[in-house]
K.L.:
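This is the structure I want to talk about, given as structure tokens.
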Protein chains: 2
Amino acid sequence: MDLRRLRYFVAVAEARSVGKAAERLRMAQPPLSVQIRKLEAEVGAPLFRRGTRGMDLTEAGQALLVRASEALALAADGIEAARAVASGKRGRLSVGYMFVLANAILPRLIPELRRSVPGVDLEFAELSASTREARVLDRSVTVALCMPAINHPEIQVARIGAQRFMLAMPASSPLARLSSVPMARLHGRPLIALPHPDHGPASSAVVPLLRRHQVVMPIASRVETVHSAMSLVLAGEGFAILPACAQLGAPRGIVFRPLRDATDSLDIAVCWRRDSQSPLIETFIKCAEKAVARM
Amino acid sequence: MDLRRLRYFVAVAEARSVGKAAERLRMAQPPLSVQIRKLEAEVGAPLFRRGTRGMDLTEAGQALLVRASEALALAADGIEAARAVASGKRGRLSVGYMFVLANAILPRLIPELRRSVPGVDLEFAELSASTREARVLDRSVTVALCMPAINHPEIQVARIGAQRFMLAMPASSPLARLSSVPMARLHGRPLIALPHPDHGPASSAVVPLLRRHQVVMPIASRVETVHSAMSLVLAGEGFAILPACAQLGAPRGIVFRPLRDATDSLDIAVCWRRDSQSPLIETFIKCAEKAVARM
DNA sequence: GCCAACTCATACGTTTTCGGTATGCCAATG
DNA sequence: CATTGGCATACCGAAAACGTATGAGTTGGC
């Protein structure tokens, strides 16, 4: 059965006349008459009573009419919905984020997103450093807010900001009395190390920084997450070198101080599959940039 | 947009492959591929991601899929529903009946109908003698249970039984003591007259009967309905000559007696528009015949 | 009471669209 | 590097739909 036939049928039923319906459909009357008869042949029963003053639905025709109208509307709505999704007016956007960024960015990002794409279903999911790449690749998140960016040939990256490294330590530490800490003062102190996601679990994100200043910090502990690092710092296990935004989620008793002679930073980036042609990604990046700008 | 395209689209989406879908659709792969691309052109956006191992829906495609599946199901259901109505398995049957017949027939007819056509919505409406013809002609009832039958070129009739005329009188009347009343005994007594529906309001259904027996009964009152007639009989206004089934609805204090030497009767008939091709009519007649047979 | 007007149905030629076959392109695989 | 397995393209024949011309039946007016 053909949707055109149903469309014709509905038109004739509503106009109660083949001629009128043909006019509305911008076609000649005879082919429309033929199509109606073909539909009747397909159903196996007359759908109209032919009178001298037009056509009138039979009960079988009435039964068909309600469903055919709905089917037409659904099909049209389907096309429309697909267009809306393709254009970014509707759809779903699953946003992955790393926990360090949550407090700094989400409170500004989420309202901005809801305002920009009101028809889109938003979904947020925390990403761990170890799985973030896989979550982007298997599309379980559409975009990921990462620090640093994911490095993978299938994944595209937009840098939207950066966070300077700062020294995190217990408030009781003598270094906490300085307004900024010279790199040299770190020499020999124990380090709570976070791995660099690109270099495996035994790496540390601050190796280049320390090496450049010829500072050696023995690694006291290796942790996976920023909150773990801060917990250990609070427990007096050592010092951590963390991106500035981490202090928004820091517990009481931890102080952050800038590193006086180091301008190193970690990029904040939006990452997504290169073949995700969703138009929402562009919009998301704009929103994220705004949120970062007001951080 | 064409329903065939949508059907193809759903098949490809479900098979996640043009080739597999083509096989299921019993067609070659290239034309199917062409149709999918035409649909994408119509939507204005890709519906599938082409990988090296088949096709995968985009989000726009997913949005279309749910609606397209529903539309397909609805269209198929519409055709099926029209067939069901045309074959009498589903639909609506509006039954008109004249009040005299209600008590005698409906209690047996209605259960019989519900058993015979369980998928059909039944509707019952009392008909007055003056409007019954119009109600059949304008299809506000599909069939009418009438006594006597409607006489009209557009209306078809099936006789399903007959009811002998009986004399209705107050229990206190001397004639009530007879087990049957000779026609001659009616001579000169006042008549409560019901019009014959074919001969206008000033007629009487029993004129031929009286004339044949050379009985003259002065008309005491003209009434429209059988219950009016019985009310006046009970009030002592006169005698009525009514079909036998009327006694089922007669109030206490009225007695019916057969007319000894008169076998006249009124036909019970099913009446319907000649151009109503509903298959339910045939079934209805069968049910009505059964109901009358057990009356 | 006959003719004009209006309705849907039929016939036929033209055009569009669809489906099949042959073939190309590309990536993954051994 | 050849083979395999997937989709895309090109071309041709077939089917379906559309338009024009026309027929048939009924209503309504003169």
Side-chain angles (χ1 to χ4, degrees), chain A residues 1-43 45-58 60-61 72 75 137 153-154 273-275 277, chain B residues 1-58 60-61 72 75 79 137-138 152-154 273-275 277:
Chain A
M1 116 225 43
D2 187 347
L3 202 51
R4 169 176 17 188
R5 294 244 175 89
L6 293 184
R7 189 192 323 285
Y8 289 176
F9 166 71
V10 171
V12 172
E14 284 176 352
R16 306 167 65 90
S17 147
V18 179
K20 300 277 188 356
E23 201 170 335
R24 261 194 48 200
L25 293 168
R26 318 276 182 106
M27 66 186 289
Q29 170 263 320
L32 183 54
S33 182
V34 169
Q35 292 303 321
I36 296 295
R37 296 197 87 80
K38 283 189 181 172
L39 182 59
E40 288 180 318
E42 184 181 343
V43 171
L47 299 170
F48 291 97
R49 256 184 290 275
R50 272 82 171 165
T52 170
R53 276 271 162 253
M55 319 257 287
D56 210 0
L57 281 175
T58 62
L72 282 171
L137 287 175
E154 279 299 310
R273 262 193 83 120
R274 198 172 289 280
D275 62 0
Q277 73 285 48
Chain B
M1 117 225 41
D2 185 349
L3 202 52
R4 170 178 15 189
R5 294 245 173 87
L6 293 184
R7 189 194 320 285
Y8 289 176
F9 165 72
V10 170
V12 172
E14 285 177 351
R16 307 166 66 89
S17 149
V18 179
K20 300 277 187 1
E23 202 170 335
R24 261 193 47 202
L25 293 168
R26 318 273 181 110
M27 65 185 291
Q29 170 263 320
L32 183 54
S33 182
V34 169
Q35 292 303 321
I36 295 296
R37 295 196 86 81
K38 284 190 180 171
L39 182 59
E40 288 180 319
E42 184 181 345
V43 171
L47 299 169
F48 291 97
R49 255 185 291 276
R50 272 82 171 167
T52 169
R53 278 270 163 255
M55 319 257 286
D56 211 359
L57 281 175
T58 62
L72 282 171
I79 302 284
L137 288 175
D138 73 4
H152 188 280
E154 279 299 309
R273 263 193 83 119
R274 198 172 289 279
D275 61 1
Q277 73 283 50

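So you know, we letter chains A, B, ... as the sequences are listed, proteins then strands, and number each from 1.
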K.L.:
By nearest nucleotide on DNA chain D, pick out whichever of T52(B) and M27(A) is the more 5' one.
P.N.:
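Looking at the nearest nucleotide for each, T52(B) comes out on the 5' side.
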
K.L.:
Please state whether the phosphate of dC8(C), meaning OP1 or OP2, lies under 4.0 angstrom from any side-chain nitrogen or oxygen of R37(A).
P.N.:
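The answer is no; no side-chain N or O of R37(A) sits under 4.0 Å from OP1 or OP2.
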
K.L.:
What is the separation between atom CG on D2(B) and atom P on dC18(C), rounded to the nearest whole Å?
P.N.:
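Distance, rounded to whole Å: 7 Å.
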
K.L.:
Is a donor-acceptor contact shorter than 3.5 angstrom present between the side chain of Q35(A) and the base of dA17(D)?
P.N.:
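Counting by modelled atom types and ignoring angles, no donor-acceptor contact under 3.5 Å is found here.
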
K.L.:
With the side chain of V34(A) defined as its heavy atoms from C-beta on, choose the nearest nucleotide among dC7(D), dT21(C), dT10(C).
P.N.:
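For V34(A), the side-chain atoms sit closest to dT10(C).
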
K.L.:
What's the NZ-P distance between K20(A) and dA5(C), to the nearest Å?
P.N.:
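Computing the K20(A):NZ to dA5(C):P distance gives 17 Å.
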
K.L.:
Distance check needed: dA9(C) P versus L39(A) CG, whole Å only.
P.N.:
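Atom-to-atom, L39(A) to dA9(C), this comes out as 13 Å.
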
K.L.:
Taking atom CZ of R50(A) as the centre, report whether more than 12 heavy atoms of other residues, nucleotides or ligands fall under 6.0 Å from it.
P.N.:
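For R50(A), atom CZ is crowded (more than 12 foreign heavy atoms under 6.0 Å).
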
K.L.:
Quick check: closest heavy atoms across V12(B) and L32(B), and the distance to 0.1 Å?
P.N.:
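Between these two residues, the closest heavy atoms are CG2-CD2, 3.9 Å.
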
K.L.:
Round to the nearest Å and state the distance from D56(A) atom CG to dT26(D) atom C1'.
P.N.:
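The answer, rounded to whole Å, is 17 Å.
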
K.L.:
Can you measure R16(B) atom CZ to dC7(D) atom P for me and round it to whole angstrom units?
P.N.:
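Going from CZ in R16(B) over to P in dC7(D) covers 12 Å.
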
K.L.:
Taking atom CD as the centre, does E23(A) end up with more than 12 heavy-atom neighbours from other residues, nucleotides or ligands that are less than 6.0 angstrom away?
P.N.:
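Counting neighbours around CD of E23(A), 12 or fewer heavy atoms of other residues, nucleotides or ligands fall under 6.0 Å, so no.
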
K.L.:
Considering just the side-chain nitrogens and oxygens of R50(A), establish if one lies under 4.0 Å of OP1 or OP2 belonging to dT26(D).
P.N.:
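Negative; the distance criterion is not met.
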
K.L.:
Quickly work out the Y8(A) OH to dA16(D) P distance and round it to whole Å.
P.N.:
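One finds 15 Å between P of dA16(D) and OH of Y8(A), rounded.
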
K.L.:
In whole angstrom, give the distance that lies between atom CZ of R53(A) and atom P of dA5(C).
P.N.:
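Taking CZ of R53(A) and P of dA5(C), I get 13 Å after rounding.
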
K.L.:
Classify R5(B) by what it touches in the nucleic acid, base, sugar-phosphate, or nothing, heavy-atom distance under 4.0 Å.
P.N.:
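Sugar-phosphate, no base atom in range.
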
K.L.:
Does S17(B) place a side-chain N or O at less than 4.0 Å from the phosphate oxygens OP1/OP2 of dC7(D)?
P.N.:
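Yes, within the criterion.
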
K.L.:
According to a strict under-4.0 Å criterion, is K38(B) in side-chain N/O contact with OP1 or OP2 of dT17(C)?
P.N.:
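The answer is no; no side-chain N or O of K38(B) sits under 4.0 Å from OP1 or OP2.
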
K.L.:
Counting only heavy atoms not in R16(A) (residues, nucleotides, ligands), do more than 12 fall under 6.0 Å from its CZ?
P.N.:
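No, CZ of R16(A) has 12 or fewer neighbouring heavy atoms, counting only those of other groups under 6.0 Å.
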
K.L.:
Would you mind telling me which of dC8(C), dA17(D), dA8(D) lies closest to the side-chain atoms of R4(A)?
P.N.:
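Given the options dC8(C), dA17(D), dA8(D), the side chain of R4(A) is closest to dA17(D).
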
K.L.:
With a sphere of 6.0 Å drawn around CZ of R274(B), does it hold more than 12 non-hydrogen atoms of other residues, nucleotides or ligands?
P.N.:
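Atom CZ in R274(B) is packed in, count exceeds 12.
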
K.L.:
From CD of Q29(A) over to C1' of dA5(C), roughly how many Å is that when rounded to an integer?
P.N.:
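Spelled out: CD on Q29(A) to C1' on dA5(C) is 15 Å.
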
K.L.:
Under 4.0 Å: is that the gap between some side-chain N or O of R26(B) and OP1 or OP2 of dG19(C)?
P.N.:
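No, because none of the side-chain N or O atoms of R26(B) sits under 4.0 Å from OP1 or OP2 of dG19(C).
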
